[in-house]
Amino acid sequence: MRRIPAAYFFVVAYTVWMKRIVKKKFFDRAAPIVARELLGKTLVREVRGKRIASMITEVEAYDGPHDRASHAHRGKTPRNEAMFGPAGNWYVYLVYGMHEMLNIVTGPVGYPAAVLIRGTHDVVGPGKLTKYFKITRTQNKTIAASKSGLWIEDHGVRVLARQVMRTPRIGVSYAGEVWAGKKYRFVLKKGRE
DNA sequence: ACGATGATGAAC
DNA sequence: TTCATCATCGTA
């Protein structure tokens, strides 16, 4: 009987841990699909060795140049440039002069789309969320990975269709009947039904 | 119901 | 350069 080296356990543990991190491929799909599947995933922030983590419970999809509710509707600008970049990057911007909004970019490069993360189990509201997770525009255009200190993990939480509520997006009444009416907001219902 | 607070984008 | 607007929040 040979003793198994401690390094072996370290490598296995590290591999298992890494596997939880959601990778680029997951985000390289249509924004509404990514939005729906982000429910139940865990948003993780690590800054100076301290970790903040909470399950995502509310999101909104902003999908393509035709989406009149999207910042990208008027074309590429310095602010929305991240939306045109690769899937799996963060798009962080300021609204109302005081609230940072956290989005994850989706779909192919050149096609502007993203998912706004509006709430988690511990904090609901896009502005409160970024404050809680200590997120600012410093994270804009960085990749969702441990390197940037901000990423998403899959903890195996299964979200059933009946646990998901779909509604129109918040605060986009200017977008016209069609786009303002689209049910691109996904909320994980609390408790059962 | 509204003010805070500053970036954005369009008009001038 | 000015102006209205804004993927919000806390207080009233």
Side-chain angles (χ1 to χ4, degrees), chain A residues 26-41 43 45 52 54-108 110-144 148 150-152 164-190:
Chain A
F26 174 91
F27 302 105
D28 200 2
R29 296 178 290 163
I33 302 290
V34 175
R36 160 65 179 83
E37 294 196 15
L38 273 175
L39 294 178
K41 299 283 190 293
L43 181 63
R45 176 83 169 118
I52 307 165
S54 188
M55 186 178 70
I56 296 168
T57 55
E58 182 181 348
V59 293
E60 280 176 5
Y62 289 84
D63 191 16
H66 312 294
D67 184 350
R68 289 182 57 189
S70 171
H71 289 163
H73 178 238
R74 292 163 209 277
K76 193 193 279 186
T77 68
R79 178 179 63 172
N80 67 25
E81 197 174 12
M83 294 186 81
F84 292 78
N89 274 10
W90 297 112
Y91 169 39
V92 186
Y93 67 91
L94 188 72
V95 270
Y96 299 118
M98 57 186 91
H99 302 296
E100 314 269 356
M101 300 285 110
L102 175 67
N103 302 248
I104 184 96
V105 177
T106 68
Y111 183 84
V115 174
L116 170 65
I117 302 179
R118 296 186 55 93
T120 69
H121 181 257
D122 295 307
V123 55
V124 175
K128 293 197 288 188
L129 183 147
T130 50
K131 193 173 177 191
Y132 180 83
F133 281 89
K134 305 188 194 304
I135 293 161
T136 67
R137 280 161 289 171
T138 307
Q139 277 74 49
N140 188 40
K141 289 182 173 180
T142 64
I143 188 169
S148 62
L150 182 63
W151 65 91
I152 291 168
V164 178
M165 176 170 59
R166 288 189 64 163
T167 79
R169 294 167 290 184
I170 304 295
V172 298
S173 54
Y174 57 84
E177 226 179 280
V178 173
W179 290 98
K182 286 215 183 282
K183 292 185 171 179
Y184 279 0
R185 175 168 172 257
F186 300 81
V187 184
L188 184 56
K189 297 180 190 173
K190 344 186 145 181

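Naming convention: chains lettered A, B, ... in sequence-line order (proteins, then strands); numbering from 1 in each chain. Excluded from the calculations below are hydrogen atoms, water molecules and symmetry mates; all remaining heavy atoms, backbone and side chain alike, are included. All of these numbers come straight from a predicted model, not from anything done at the bench.
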Less than 6.0 angstrom from the centroid, inside 45 degrees of the normal: does A:Arg169 satisfy that with respect to the ring of A:Tyr62? yes

Which is true for A:Arg185 with a 4.0 Å heavy-atom rule: it touches a base, it touches only sugar-phosphate, or it touches nothing? nothing

Categorize A:Arg169 for me: base, sugar-phosphate, or nothing, with a 4.0 angstrom heavy-atom threshold over every strand shown. nothing

Just the rounded figure in Å: distance from P of C:dC9 to CD of A:Glu100. 13 Å

A:Leu94 CG to C:dT5 C1', in whole Å, measures 14 Å

Among the nucleotides C:dT8, C:dA7, B:dA7, whichever has the atom closest to the side chain of A:Tyr96 is C:dT8

Quickly work out the A:Ile104 CD1 to C:dA7 P distance and round it to whole Å. 20 Å

Between atom CD in A:Glu58 and atom C1' in C:dT8, what is the gap in whole Å? 12 Å

Within the 4.5 Å heavy-atom criterion, are A:Ile135 and A:Trp90 side-chain neighbours or not? no

Would you indicate what A:Met98 reaches in the nucleic acid, counting non-hydrogen atoms under 4.0 angstrom: base, sugar-phosphate, or nothing? base

What's the closest nucleotide to the side chain of A:Thr77 if the choices are B:dG9, B:dA7, C:dT8? B:dG9

Short side-chain N/O contact from A:His99 to OP1 or OP2 of C:dA7, under 4.0 Å: no

Could you list by number each residue of residues 114-133 of chain A showing a heavy-atom separation from DNA chain B of less than 4.0 Å, or answer none if no residue does? none

Rounded distance in Å - OH (A:Tyr62) to C1' (C:dC6): 12 Å

Please state how far atom CG in A:Asn140 lies from atom P in B:dA7, giving the value in whole angstrom units. 14 Å

Stem ranges for DNA chain C, with three or more consecutive Watson-Crick or G-U pairs under 3.5 Å? B:1-4 with C:8-11, B:6-11 with C:1-6

Take atom NE2 in A:His73; do more than 12 heavy atoms of anything else shown fall under 6.0 Å from it? yes

Contact between A:Leu43 and A:Leu150 at the side-chain level, heavy atoms closer than 4.5 Å - yes or no? yes

Side chain proximity check, A:Leu102 to A:Pro126, heavy atoms < 4.5 angstrom: no

Minimum side-chain heavy-atom gap A:Asn80-A:Tyr91 below 4.5 Å: yes

Between atom OH in A:Tyr93 and atom C1' in C:dT8, what is the gap in whole Å? 10 Å

A:Leu38 and A:Ile104, any side-chain heavy atoms less than 4.5 Å apart: yes

What integer distance in Å separates A:Asn80:CG from B:dA10:P? 11 Å

For the side chain of A:Pro78, starting at C-beta, report the closest nucleotide among B:dT5, B:dG9, C:dT8. B:dG9

Decide yes or no for A:Val123 and A:Phe133: does some side-chain heavy atom of the first lie under 4.5 Å from some side-chain heavy atom of the second? yes

Are any non-hydrogen side-chain atoms of A:Val105 and A:Phe84 less than 4.5 angstrom apart? no

Establish, yes or no, whether the cationic atom of A:Arg36 lies under 6.0 Å from the six-membered ring centre of A:Phe186 and within 45° of the ring axis. no

